[in-house]
Amino acid sequence: SDKGKLSEDIHNKLNFEWVATSVRERDAIELLMEPKIKPKLNSNLLRNIPFNSSINRVNDLCSIGRLELKKNQIFLKNIKHKVDLYGALSNEKEYIMRVDKIQNLSYLGNIDPDKMSQLYSEYRINLLPTFGENYGHVIVESILSGTPVIVSDTTPWTSLIRKYKCGEVVDFNPKSWNKAILKINNDFNSYYKGCSDARSHFLELNEKVKRKWVNILINNL
């Protein structure tokens, strides 16, 4: 096809390398590109989020993420508590209207990236009922800041969250979410410590990712 020919011409004229930041992204590139290529795989880098030194939080529950069907904020209508929503608005207007009608959910707008650290520090738990994530920056940033998460079992961080007890991984049964909220609130100090322990792992992982990006760039000079 013309598209395939254009892609091949680019490969012939330019010396560059494809790098995917997730397995799903790598598979998509391999499927769509002509001629067939095999991208290298390396993760995204994390932003430097300071750890909140206080366990005293102003608010209980938040859910941070772009308002769209994939993030599944509408599921939180099943939570027996008030939940504050933050994130950019998508173009899924019908979905946003449905979320807006749910009484226990309050959309409080998008947040400047520079103010995210302060936002995390104000909440005891970050609820993320996402249908799927390649990476899930909000999950990692929340843990880095010392705010435990409750997430669906559809992210790359299931094993780590369970290992360090920096949150709870649950199915899409509403009872599981309400039980997890109660569990963290009743033992918040342990989950807060779990976030601190996991932070060391994330920062070490970030250094490895950084070194790999440097090697990729050097090899393509």
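Excluded from the calculations below are hydrogen atoms, water molecules and symmetry mates; all remaining heavy atoms, backbone and side chain alike, are included. The chain is numbered in sequence order, starting from 1.
Residues Tyr164 and Trp157 place their aromatic rings such that the two centres sit no closer than 6.0 Å.
Side-chain atoms of Asn104 never come within 3.5 Å of backbone atoms of Val83 as a donor-acceptor pair (strictly under, hydrogens ignored). Here the side chain of Glu141 pairs no donor or acceptor atom with the backbone of Tyr120 at under 3.5 angstrom. With Ser121 contributing its side chain and Gln118 its backbone, the two residues share a donor-acceptor pair below 3.5 Å. With Ser145 contributing its side chain and Ile49 its backbone, the two residues share no donor-acceptor pair below 3.5 Å.
Atoms OH and CG, on Tyr86 and Leu108 in that order, are 4.5 Å from each other to the nearest 0.5 Å. Here the CD1 atom belonging to Ile143 is positioned 11.5 Å from the CG atom belonging to Asp197, to the nearest 0.5 angstrom. Distance check, rounded to the nearest 0.5 Å: CD1 of Ile64 to CD1 of Ile111 gives 8.0 Å. If you take CD1 on Ile96 and CG on Asp100, they are separated by 9.0 Å, rounding to the nearest 0.5 Å.
Judged by the 6.0 Å distance and 45° axis criteria, Lys165 is positioned over the aromatic ring of Tyr191. No cation-pi contact links Arg199 to Phe51, judged by a cut-off of 6.0 Å to the six-membered ring centre and 45° from its axis.
You'll find the side chain of Lys82 reaches within 4.5 Å of the side chain of Ser106, heavy atoms only.
Relative orientation of the Phe172 and Phe131 rings is tilted, given thresholds of 30° and 60° on the angle between their planes.
With no hydrogens or angles considered, a side-chain donor-acceptor pair links Asn185 and Arg124 at under 3.5 Å. In this model, no donor atom of one side chain and acceptor atom of the other lie less than 3.5 Å apart for Tyr107 and Asp84. For the 3.5 Å distance criterion, the side chains of Ser176 and Asp171 qualify, holding a donor opposite an acceptor. No side-chain N or O of Tyr95 forms a donor-acceptor pair with one of Glu68 less than 3.5 Å apart. Residues Thr130 and Asn72 bring no donor and acceptor atom of their side chains to less than 3.5 Å of each other.
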request  = With salt bridge (charged side-chain N to carboxylate O under 4.0 Å, His left out) as the test, would you mind laying out the steps for Asp187 and Lys183 before giving the verdict?
outcome  = CA-CA 6 Å; Asp187 193 19; Lys183 186 176 180 181; over 6 Å; no

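The number of heavy atoms from other shown groups lying within 6.0 Å of CZ (Arg98) does not exceed 12.
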